Amino acid sequence: LYAHPDASRLAELAARRDAWLEGQRRAKAAGQTEASTPDGRRIEVAANVGRLKDVPLALEYGADGVGLFRTEFLFLDRGQAPTEEEQYAAYREAARLMGDRPLIIRTLDVGGDKPLPYLDLGEEANPFLGWRAIRFCLERPDVFMPQLRAILRASVGPDGAPNRVRLMLPMIGTPGEVRQARQMLATAQDELRRAGVAFNEGMEVGIMIEVPSAVAVADQLAREVDFFSIGTNDLTQYVMAADRGNARVAELVNPFQPAVLRMVRDAAVAAHSAGIWIGMCGELAGNPLATPVLLGLGLDELSMSAPSIPAVKDAVRRLSLAEARQIAAEALALDSAEAVLRFLQQE
Ligand code: PEP
Ligand code: MG
C-alpha cells in the first residue's frame, strides 16, 4: 500500500502494471498451442478448476482440457446438498464450454480439510485419515447417486453424441473401493437407461492416486480403470506422514521429496504396464521446475491452476524426452528435497 502516492510513484506503478499485463497477454498467447518436446512427445497440459466460472479462464490460458474439475463448490456455503438437476446444469455448462477438449469431473471430495455441516460427517480425531471422499460417498448413496447420474447425463452433448467428459474418483485406497463405485455407476446407468435418458456408455472412469496404498497396488487398480491422476497434495502428506496444513512440518510436506517422486515413478510404471494413461493434478504439476522430472517419469498429462499453463508448456518445449529421462533418473537418486530442488535449478 502506498499512502498518497505522488505522480512519479503513480507513473512507476502504471508502468509496472502495463509490463505485467503485457506479460500476461504474451503468456496467454504462448499457451494457446499444444506442447510437445523437441523430439515430438506431446503432453496434455490441462487446468484444475474449482468453480464453473473458472472454466473460461482455463481456456484463456490455453488449457488443452480440464484435468480436475473439483465439484465441492456445488456443495459448499449452503444448507443442503445440490439436486441432481443443479449438478447436471453445472457439469453440462462446463462440458459445453470445453467443447471437444476433455473434462475430468471429480466426484465429491469432502471430509478431511473440507467439512460440510449438513452432511453430518461427525467429529473425528484424525479427519484426514477418516471418513472422507470416496469412503463417504460409498456409504451415502443419497449423495453419491445423484452426482453419478448428473455426470453421466453431462457425458453427451445436446444432440446425444458422446463428448469428452470423464469421471474421476478421489482418495481411492483399494481395488474394492473402485469396484463398489463402479457398481454404483452401473446402477446409475441402469436407472438412466430405463428412463430413456442418454449418456455416454463408453465414458472413461479414472481414479486419483493420492494414498500410498494405491501406489502399492497400482497394478491391480490399473485393471479396474481407464486412467490415473496423481494428487500430489494429498499423496505427499500421506507418504511423508505430515499434515499438509501444519506449518511445523512444512519441510516434510514437499512434493520434491525423493520418496514422493519415487511414488510417482511407480504409479507411472504400473499405469503404462497396464496400457492406461496417467496424469497429475496435484500442485507439483504446475511447477515448471518439476516438468523435466515428470516428463522423464512418463506422465501423459499435467493439470494445474490455469495461470501456470504457459510456463509449463514452455518447459515441455525445452527438453527432449531423453534429456528429461536422464534428469528424472538423477533426481530420484538424490536423498533430500533440497538436493532435488538445487539439482533442478541448476539443470
Ligand atoms: C491432491 O490431493 O493433490 C488434489 C489434487 O486434490 P485436492 O487438492 O483437492 O485434495
Ligand atoms: Mg486430494
Side-chain angles (χ1 to χ4, degrees), residues 44-52 54 58 63 65-76 94 102-116 119 121 126-137 147 166-173 177-178 181 206-215 218 221 227-246 249-250 252-257 259-261 263-264 267-268 271 278-287 290 293-294 297 299-309 312:
E44 200 170 294
V45 183
N48 293 350
V49 166
R51 290 172 309 179
L52 187 56
D54 290 342
V66 167
L68 168 61
F69 187 77
R70 291 185 169 102
T71 55
E72 292 76 55
F73 76 96
L74 288 163
F75 291 77
L76 298 172
L103 167 65
I104 300 182
I105 303 178
R106 180 179 73 180
T107 61
L108 187 62
D109 184 13
V110 282
D113 59 342
K114 301 163 194 143
L116 273 192
L119 286 182
L121 291 153
N126 289 304
F128 273 122
L129 301 181
W131 197 43
R132 60 173 292 204
I134 195 68
R135 302 168 182 182
F136 168 84
C137 285
Q147 181 168 45
R166 297 165 175 161
L167 182 146
M168 179 158 74
L169 306 165
M171 282 291 292
I172 291 290
E177 287 169 345
V178 181
I207 58 169
M208 291 193 67
I209 300 284
E210 44 188 354
V211 180
S213 65
V215 181
L221 289 168
F227 66 91
F228 287 164
S229 183
I230 303 176
T232 48
N233 311 338
D234 276 312
L235 184 63
T236 304
Q237 75 165 342
Y238 293 130
V239 168
M240 303 308 298
D243 182 345
R244 76 192 226 189
N246 184 342
V249 292
L252 287 170
V253 196
N254 183 335
F256 287 98
Q257 288 282 356
V260 178
L261 296 177
M263 289 272 175
V264 172
I278 179 163
M280 175 179 284
C281 59
E283 292 300 318
L284 185 65
N287 186 336
V293 178
L294 302 179
L297 294 179
L299 292 187
D300 303 291
E301 177 239 38
L302 299 172
S303 190
M304 61 207 65
S305 78
S308 302
I309 289 173
V312 169

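We're numbering straight along the sequence, starting at 1. Everything quoted here is computed from the prediction, not taken from an experiment. Order of appearance sets the numbers: ligands from 1, and atoms from 1 within every ligand.
- For the pair Asn48 (side chain) and Cys281 (backbone), a donor-acceptor distance under 3.5 Å is present.
- In this structure, OG on Ser303 lies 7.0 Å from CD1 on Ile104, to the nearest 0.5 angstrom.
- The CD1 atom of Ile105 lies 14.5 Å from the CZ atom of Arg70; values are rounded to the nearest 0.5 Å.
- Under 2.8 Å from the Mg ion (ligand 2), one finds the following protein N/O/S atoms: Glu210 OE1, Asp234 OD2.
- By the ring-ring contact (aromatic ring centres under 6.0 Å, His included) test, Phe75 pairs with no residue at all, sequence neighbours left out.
- Checking side-chain atoms of Arg132 against main-chain N and O of Asp109 turns up no donor-acceptor pair under 3.5 Å.
- Under the 3.5 Å distance criterion, the side-chain polar atoms of Ser308 are left unmatched by any main-chain donor or acceptor of Met304.
- Remark: the backbone N or O of Phe128 is not paired with any side-chain donor or acceptor of Asn126 at under 3.5 angstrom.
- For ligand 1, residues of the protein lying within 4.0 angstrom by heavy-atom distance are Leu68, Arg70, Arg106, Asp109, Lys114, Met208, Glu210, Gly231, Thr232, Asn233, Asp234, Arg244, Cys281, Gly282.
- Gln257 and Asn254 share no side-chain donor-acceptor pair at under 3.5 Å.
- With sequence neighbours left out, Phe227 forms a ring-ring contact (aromatic ring centres under 6.0 Å, His included) with Trp277.
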